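Reading through the structure tokens given below for one structure.
Hydrogens, waters and symmetry mates play no part in the numbers below; they use all other heavy atoms, side chains included. Source: prediction; values computed, not measured. All residue numbers in this chain count up from 1 along the given sequence.
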Amino acid sequence: MYCAHCGAEVREDEKFCQYCGSPVEQSLDTTARQTADTIIDIPEEQPKNLKAFIKSRYCTPDVNKNIQGSWIIMAICAVLSAGVAIMNSQAPIDGILMGAIAVWLAVSKSKAAGIVACVVGVLEMILTSVMMGGFRGYLPAIAGVYALVAVLKADKQYKAFLSGQSKLQ
């Protein structure tokens, strides 16, 4: 490598020319090589399970938002259901159950939690519709289906990620 100011030969690792004192402009190749060395030195953590995948940069942001939205809706339904039951002097079993499922879904982000949220939401809708004599209580069912779809989408992305990883290894 040569100094751009005086033309003297300088080593790649020098920052200033030893003959004229001018700053040595590093070539693009040297900069790229140093950047590549830095990138290679940083180990990248790969998600080990579905929950870690959902939190990682590899999962699309909408999946985590959809799961979060569904458990929030389930939690709101749980509070409303428990409140109505208590006002009617009944045990708030439905509200407690939906609340527990919402917490489970929020914490685990698992397929099992999504399936249970969907089943309980649909059963809650059926039970409320029969008791009220019309189509009622559909919000828990919507939240449950929404949760199941989001978790299954995340699982599909995770499986695709894993298959891509296995091809690279």
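L105 contributes atom CG, which lies 10.5 Å from atom CD of Q68 (distance to the nearest 0.5 angstrom). Annotation: the span from C77 atom SG to I72 atom CD1 amounts to 12.0 Å, rounded to 0.5 Å. Put simply, OG on S81 and CD1 on I96 are 9.5 Å apart, with the number rounded to the nearest 0.5 Å. To the nearest 0.5 angstrom, L152 atom CG is 9.0 Å from C118 atom SG. Taken from OH in Y146 to CE in M74, the straight-line distance is 14.0 Å, to the nearest 0.5 Å. Once rounded to the nearest 0.5 Å, the distance linking OG of S110 with NZ of K51 reads 9.5 Å.
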N/O donor to acceptor pairs below 3.5 angstrom from side-chain atoms of residues 120-137, sequence neighbours left out:
residue : atom : partner : partner atom : Å
T128    : OG1  : E124    : O            : 2.8
S129    : OG   : M125    : O            : 2.8
S129    : OG   : G134    : O            : 3.4
S129    : OG   : R136    : N            : 3.0
S129    : OG   : R136    : O            : 3.0

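Taking each heavy atom of A85 and P92 in turn, the nearest pair found is CB-CA, 3.8 Å. Scanning all heavy atoms of the two residues, the minimum distance from S70 to I67 falls at OG-O, 2.8 Å.
Residues P47 and F161 have side chains in contact (heavy-atom distance under 4.5 Å, counting atoms from C-beta outward). The closest side-chain heavy-atom distance from I73 to L139 is below 4.5 Å.
Ring geometry, F53 versus Y58: the interplanar angle falls under 30°, so the pair is classed parallel (tilted spans 30 to 60°).
T60 pairs with exactly one of K153, K65, Q157 by the side chain to side chain donor-acceptor pair (under 3.5 Å) rule, that one being Q157. When each of L50, V151, N64 is tested with K109 by the rule side-chain contact (heavy atoms from CB on, under 4.5 Å), just one qualifies, namely N64.
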